[in-house]
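These notes concern the structure reproduced below.
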There are 2 protein chains.
Amino acid sequence: MQELKLATYNVNSVRARKELLLSWLEREAPDILCLQETKVLDVDFPFEELRKLGYECFTNGQKGYNGVAICTKLLSSKLITKTNFKTIDAQSRFIAINISDIWVLNCYFPHGDVRGSDKFNFKLSFYEEFMQFLEENFSPDLNLLLVGDMNVALEDIDVYDPSLFVDAVCTMPEERGALKKIIDWGLVDTFRTLNSSEPGYTWWEYGAAIWKNEGLRIDYILATDSIFKNFTKVWVDLWPRRRRSPKPSDHAPVIAKFTL
Amino acid sequence: MQELKLATYNVNSVRARKELLLSWLEREAPDILCLQETKVLDVDFPFEELRKLGYECFTNGQKGYNGVAICTKLLSSKLITKTNFKTIDAQSRFIAINISDIWVLNCYFPHGDVRGSDKFNFKLSFYEEFMQFLEENFSPDLNLLLVGDMNVALEDIDVYDPSLFVDAVCTMPEERGALKKIIDWGLVDTFRTLNSSEPGYTWWEYGAAIWKNEGLRIDYILATDSIFKNFTKVWVDLWPRRRRSPKPSDHAPVIAKFTL
DNA sequence: GCACCACCAG
DNA sequence: CTGGTGGTGC
């Protein structure tokens, strides 16, 4: 019986975060790492530095923004970077791979904007398409992990001050409904299920917010039952977020341990 | 009899260079400091940090580029930031002040460009107006220092490889002639007069040039005879230029010692 | 190569 | 506030 460690981390630029990421990986050494907002073309991804730490990396990047990657110490197969869904494939937001008979789906869901805006509609379309993509290609009976930056804080406990977040981005009923629909397909919100009272914020606005712990929980590790029953622990690692230099991402990684 | 130390330094942004500048000033502590390419509005100049090191600062800055300043540990009077010459006053390139009965003129002469271009013509007009400005407002009999980035390498010895600089910016006959005319008004090229064989480069292109010493001498301390006769030493201080971090300016300071 | 700017995205 | 881009200036 093997224990695996998986991490999801919105790095907000893998170039700006390279040093911090590498020193964090030396400490934490997850077996599987899912990155969002790498903000690099695939040719500029630091494959070599990560290989030195034992990771093989698979990327779906673009110029300037978005961009996702999966880095793994284990053998993998069946890389997916294209879903053939228009909205999903419009930008570099999705990558999936099969590792030890587990599907690892890594997604950077759109941020959105005020209700009615183009970006808001893009976010909802993205979620709808993603639901369809799941239904058409996977089954809740599989060993499947859906991880990443969902850009939705599901419940009031996931928001540092709910009174400040009425009809605010990441907390609107439409957005919460969209993520709930994904979960209801057959996934467990692993952090919340294993930590019912701890907020578990994963994102804090740049500036003083981290020092006042004014955060949101918008990064998730979702799992099907068959794999969740092997989960031992899920937590938010504040180490990379609570430092001044090198400058951290605005997100913190979420880490899970499970047995195989 | 008092010994004074004067430095001229094209810092290429006083904001980007603040740390390096302050630590250099703690080492070298010139009594008078003339800066070029401060690249800040006057309101953003680090007056307070320099005051802590004993300097009172006078600035002529603008947004984004150019900008000059004089910082002094001594009492000063008669600040000039406006010449009423069109080309000179078109940008923030000139500042002058009287310190201990010495006129300190600090100027960032235009870089220019290929012969015939607008920038080339601007540079020559600037030099012509400056000549006129000198004639109309000062006399070679005064204690006067004209320092700064002249953007002209006067002779072949001032260029690391003259064969690469034929009709190149900073070495064209028109540019050399313009600076020579200023000198012929009644100034001494103090570095060259006191160091006849050492090249004394003050600028190296960013990249490998500094490590191969591929430089140009384009920053000067020019002096009238009455003050030059009290000069004891003039040198280029490579300390701030030969470091990797914090990132240095592309120029090195020129320093002079003279008695009062 | 490395400052600045304006703009876009979070 | 902090990333990216593309443009300019040297």
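Per chain, numbering begins at 1; letters A, B, ... match sequence-line order.
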### Message
Closer than 3.5 angstrom, by distance alone: can the side chain of A/Tyr206 be matched with the main-chain N or O of A/Asp250 as a donor-acceptor pair?
### Response
yes
Taking [atom1] from [X] and [atom2] from [N], how many angstroms apart are they, rounded to a whole number?
{"X": "B/Arg241", "N": "C/dG1", "atom1": "CZ", "atom2": "P", "answer": "13 Å"}
{"X": "A/Asp44", "N": "D/dG4", "atom1": "CG", "atom2": "P", "answer": "11 Å"}
{"X": "B/Lys247", "N": "C/dA3", "atom1": "NZ", "atom2": "P", "answer": "6 Å"}
{"X": "A/Leu216", "N": "C/dG10", "atom1": "CG", "atom2": "P", "answer": "16 Å"}
{"X": "B/Asp250", "N": "D/dG9", "atom1": "CG", "atom2": "C1'", "answer": "11 Å"}

#### Entry: 4.5 Å side-chain heavy-atom contact, A/Lys180 and A/Pro173
no
### Query
With side chains defined as the heavy atoms from C-beta onward, is the minimum distance between B/His111 and B/Lys119 less than 4.5 Å?
no
### Query
Does the gap between the ring centers of B/Phe109 and B/Phe130 come in under 6.0 Å?
yes
Between [X] and [N], is there a contact of a side-chain N or O with OP1 or OP2 at under 4.0 Å?
{"X": "A/Arg93", "N": "C/dA9", "value": "no"}
{"X": "A/Lys39", "N": "C/dG10", "value": "no"}
{"X": "B/Lys119", "N": "D/dG9", "value": "yes"}

### Query
Quick one, which residues of residues 15-24 of chain A touch DNA chain D with a heavy atom under 4.0 Å?
A/Arg15, A/Ala16, A/Arg17
### Query
Are B/Lys123 and B/Glu175 within salt-bridge range, i.e. N to O under 4.0 Å?
yes
### Query
Counting heavy atoms not belonging to A/Arg243, are there more than 12 under 6.0 Å from its CZ?
yes
